[in-house]
Amino acid sequence: MIGQDNIFKSHMDSNSVFKGDRDILRPSYIPEQLPHRGDQIQDLASIMVTALRGNRPSNVLIFGKTGTGKTAVVRFLEREVNRLKRENLESAELDDEFEDYDIDKVEYVYVNCEVVDTHYGVMKNIGNKFVEEWSDQIPFTGWPMEKVYESLREKIDEESRVVVIILDELDKLVTKSGDSVLYHLSKINSELDQSKVSLIGISNNLKFTEFLDPRVKSRLGEEKMIFPPYDAEQLKDILADRAGKAFEPEILGSDVISLCAALAAQEHGDARRALDLLRVSAEIAERERDESVTTDHVYRAKNKIEQDCVREAVNTLPTHSKLVLYSILLMDDNGSDKLTTGEVYSAYNELTKRSGMDPLTQRRITDLISELDMLGLINARVKSFGRRGRTKQIQSSVPKHEIIDLIESDESIESVKSLNIGGNRVKQTKLI
DNA sequence: TGTCCACTGGAAGGGAGGGCTT
DNA sequence: AAGCCCTCCCTTCCAGTGGACA
């Protein structure tokens, strides 16, 4: 029972701008049709159909920028295979056209290498897909790699089947942990008696194969596909398709879809971005109890997404990275707009000393600075000053005061904040 | 043209922390 | 309990570097 004064009551009474399931606007949702990816679906299906005949399909490498539908196409095919399997199970007599096929014996295993980015983790995840009993699972740490691999091989080979392993964000795994997983997985077929394994690697980065052992590279890239970015018109179709399912027709203002598509097209045609913009715009409209979604909501959604991204990135930084960023922001605020690694390090050193922490070495700090640069929180360029040496030139690229406040609100570095209490924070924290 | 600065960034390895095996 | 494995975070060492300057 929900009482009259329940805090959710007033929000529950408000009308939702969404018609039904708002997950339709999430990038992870796989619709019944994938607009403008028909060719890619056909190409991949023509490779994967081999699996339905009980043979091993070629390994495939799929390249394309973020939000170009790579994962969606692969998972779309996975769903279609699973649907066929279900229908096959439900009706014992399958259509004549499938009588030569072994649909039941195809298994898909999906691993996102951004989430699971170690040799051990990837092998463990794949192996455990074939285990039902908790006690038979590969533990999350403790076993030697050879044993994990052996267990994985045995589990796959327990019965005759074709296993399609999808390694999403494969470049992340290779850059972080090298190619030993790919080495093992790409030669596993020579060690299997009953089963066959096929690999689908998905990557944002065309160049990651340069880091691969030549044998792995040739085994893995038997087939290659490149997904082009969507243009604004195609993004509009994608959005219109989803919006039709997510909203009543009169909810969306006339230019909302065009604007979301245009903004996302500016960023290399990212469908994920376009969907996020539309969903967040609608959520803002809903929260403010507006009856329709307008272009104003879209512009605000754009700002909100950008701000949330930065805040999320800062919040999840480890303590010392936060201190490095904090040093940069304070000095930047103090008027030093272009800083060097040496300056940042002495400021950081001063901060840690005052707060009673042990500072990390300068070598480690150069890595943290590079990480902050990669996250887009700062700009760091290597520049030579001739006789005055060669170093990084560092500038912050986030709203200074907002992020300083955010870092100061972190409990783990509260002692640093207390150094600045009273008076002008910037002047008090004169660092160099 | 050679020197020199202030680093950069790769390589190797230590050690803590998680857990398994014997 | 001791020995082992893997990952993560970090230190230490050091060759390499771009370009101003003598």
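Every chain is numbered from 1 and lettered A, B, ... according to where its sequence line falls, protein lines coming before strand lines.
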Go through the N and O atoms of the side chain of Thr141(A) and the base of dG18(B), and report whether any donor-acceptor pair is under 3.5 Å. yes
Distance under 6.0 Å and angle within 45° of ring axis: Arg37(A) vs Tyr230(A): yes
Under 4.0 angstrom between Lys124(A) side-chain N/O and dC6(C) OP1 or OP2: no
Mind checking the CD1-CD spacing from Ile200(A) to Glu223(A)? Nearest 0.5 Å is all I need. 11.0 Å
Arg79(A) atom CZ: more than 12 heavy-atom contacts under 6.0 Å: yes
Phosphate contact (dG19(B) OP1 or OP2) by Trp143(A) side-chain N/O below 4.0 Å: no
More than 12 heavy atoms of other groups within 6.0 Å of Asn303(A) CG: yes
Give a yes-or-no answer on whether the side chains of Glu191(A) and Tyr149(A) include a donor-acceptor pair shorter than 3.5 Å. yes
Nucleic acid footprint by protein, nucleotides 10-18 of chain C - heavy-atom cut-off 4.0 Å, B for base, S for sugar-phosphate alone: SBBB--BBB
Whole-Å gap separating C1' (dC5(C)) and OH (Tyr149(A)): 19 Å
Nearest atoms (heavy-atom pairs only) where Gly142(A) meets Tyr120(A): N-OH, 3.7 Å
Starting at the 5' end of DNA chain B, which residue's closest nucleotide do you reach first, Lys147(A) or Gly342(A)? Gly342(A)
